[in-house]
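A short write-up of the structure that comes next.
Scope of the values below: all heavy atoms of this structure, side chains included, with no hydrogens, waters or symmetry mates. Here, residue 1 is the first one in the sequence, and each next residue gets the next number.
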Amino acid sequence: MSSGSSFVIACVGKPSAGKSSFLNAVTEANAKVGNFPFTTIEPNQGIAYYPIDCACKRFNKSSQCKPRYGSCKDGKRLIPVRMLDVAGLVPGASEGRGLGNQFLDDLRHADALIHVVDASGGTDENGKETKNYDPINDIEWLRFEIHSWVYNNLLKKWPGIVRRQVATKTSPITVFQENMSGYGANREIIIRCIERMNKAAIELDKEGQDSEMAIPGIIQKGGSSNKTNTSTSLSSSNTVLTNWTKKHLHKFVSIFLDERFPTVVALNKIDRSEADKNIIKILRKYSGSSKTDPLDGIRQENIVVTSALSECFLKKLKDQGYIKYTAGDEDFESHEEDPTLKKADGRTFDRLEEIRDLVLFRYGSTGVQDVIVRAVRALRMIPVFPVKNVTNFTNKSSSGDGSGAAFVDCVLVREGTTVRQVAGMVNSILDKQYAGAETVGGLQLGENDVIVPKKNDVLSFKLNNSSR
C-alpha cells in the first residue's frame, strides 16, 4: 500500500533563503542549516504531512480510525507527502555557474516546487548577507534559470525534431511527449500544454513572422499569400512545426513549466522588520497574476508568508513539554495558560512572545503548513480511502462486529483519476486481478468512473480468483 502520495514536492531557491529551515519545519528531516552558499550539497529528503478532513468523521468512525501511515485525530488526518530539499540555485546555474545543472537535474524528480524566498531582503542573489536586496529578483531569476535550462535544450534539438516530424508525420502530442519526457512530462501534461499553446498561437500569428526570431536550420512554409500554411496552431493531429519561431518555443516552454512544475512561493523570514515592505511589493506585483497565464509562473493564491525558524522553535518547545501547539495554529498555550506545562525561562519566554507578536497575531500562523496545503492543491490532489468492507470501513472482508481499525489506508490521486487507475495505484495485484469496485451503500462502480470527493472516494475492490 502506498505511503500516502506518489508525488514529490521540492524546496528550491537560492542559498540561505531558509530552504533547509523550511524543510526542518515541515518534516523530521535533519537538513544541515547554515548561512553560506551550497549548505546543502546533496538533496535532503523528508516526509511532510498534508491535513485533510478524514472520511472517518463523515461516517462516525473517528474512534476507530487507525491510519497505516500518518495520523488522525478527531477526523483531522495527516497524510504523508514526500519532500525534497534541492541544493541552492544561483543566477547562471543553467550555464554551469555554481553547482550548475546538478540543481536543475534534481528538479526532474519533483512534481511541484516550493520556492523559499528571503522576504527580508537580507541576502543577495548568491545567498550572501546584504541590505535592501529586492526579493522579487529571486522569483524572476529562478523562473529564468529553469526556463533557460528547458528552452536551450529544446532549441538545440529543434531542427532535428522538425525534420523527423515532417518525415514521419508524427502528431504534435507524440513529438512533445517524446522530447519532454526527460523532464518528467506525461501525455496528460503535454495535452494541457498544447491546448493552451493553441490559444497562444493565435496571438503570436497576429504579430506576424519575425526573421530575427527564426530558428536556424528550419525552412518555413507558406507566405503572406497563404495564411493557412503559416498557422502555428497545433489543433490538427497532423500539424507540422516548421512555422514555429523562437517566440513559439519560448511560449511553449513557459506553458510547459506552468503545467509541469506548479510553484508555491514561501515568503520567508517575515519576523524581520525589513520584510513588511517587500511583502507588500511582491503581493502588489502578482495581485493580478492570471490563473491561465501566471506571471513568472506564480499564481496570486500560491504566495504564502512564512517564518520557518519560528515553526522550528515552536515544534522544539512542544516536544520538550513547554507549550501545546499544532502546526497551522494561530496561537499556542504555555505555562501561563496551562500550569501542567513546563515553565520557560526568561529568554525563552521572551522569544515565544516575540513569535506571538511578530508572526502569529500578525499573520495568523507561521505559514509553513499552509505552503504544503497550497502545493498539494496546485497538483489538484484529492484523497481516496481504499477499504475491504464498505459497511464498517475496515480491512476485514466479512462484516463482523465492526470493531476493527477503520480507514487504515488513504492515497492522494489527481482530480480526474478513474476507479481502475486507483486500483493500480494501491498495488499491482489489484491492477492485474481487477474484477470490479463498489462504494458506500454497495453501489457498483464502473472502472472508468471518475473519483468524486464524498461521492465515491471510499472504495472496495473485487479481484478475479480471489477475495478482497
Using only atom types and a distance under 3.5 Å, with no angle test, would you say the side chain of [X] pairs donor to acceptor with the backbone of [Y]?
X    : Y    : result
K14  : T123 : yes
N427 : I429 : yes
S254 : K251 : no
K318 : Y325 : yes

Open item on the list: Is the positively charged end of R260 above the ring of Y183, judged by distance under 6.0 angstrom from the centroid and angle within 45° of the axis?
Closed with: no
Task: Pair N137-E140, side chain to side chain contact (heavy atoms under 4.5 Å, CB included): steps then yes or no - done: CA-CA 5 Å; N137 294 337; E140 293 175 344; 4.2 Å; yes
Between [X] and [Y], do the side chains contain an N or O donor and an N or O acceptor separated by less than 3.5 Å?
X    : Y    : value
D118 : Y133 : no
W141 : D138 : yes
S307 : R272 : no

Open item on the list: side chain to side chain contact (heavy atoms under 4.5 Å, CB included), that's the test. Do V265 and Y286 meet it? Break it down for me.
Closed with: CA-CA 11 Å; V265 174; Y286 295 98; over 6 Å; no
Open item on the list: For the CD1 atom on I191, are there more than 12 heavy atoms of other groups (residues, nucleotides or ligands in this structure) within a distance under 6.0 Å?
Closed with: yes
- [ ] Would you please indicate yes or no on a ring centroid separation below 6.0 angstrom for F393 and F385?
- [x] no
- [ ] Show your reasoning for whether side chain to side chain contact (heavy atoms under 4.5 Å, CB included) applies to K432 and L463.
- [x] CA-CA 9 Å; K432 294 177 181 178; L463 305 182; over 6 Å; no
Task: Heavy-atom closest pair, residues R68 and N395 - done: NH2-ND2, 3.7 Å
- [ ] Indicate the ring-plane relationship of W244 and W158, choosing parallel, tilted or perpendicular according to the 30° and 60° boundaries.
- [x] parallel
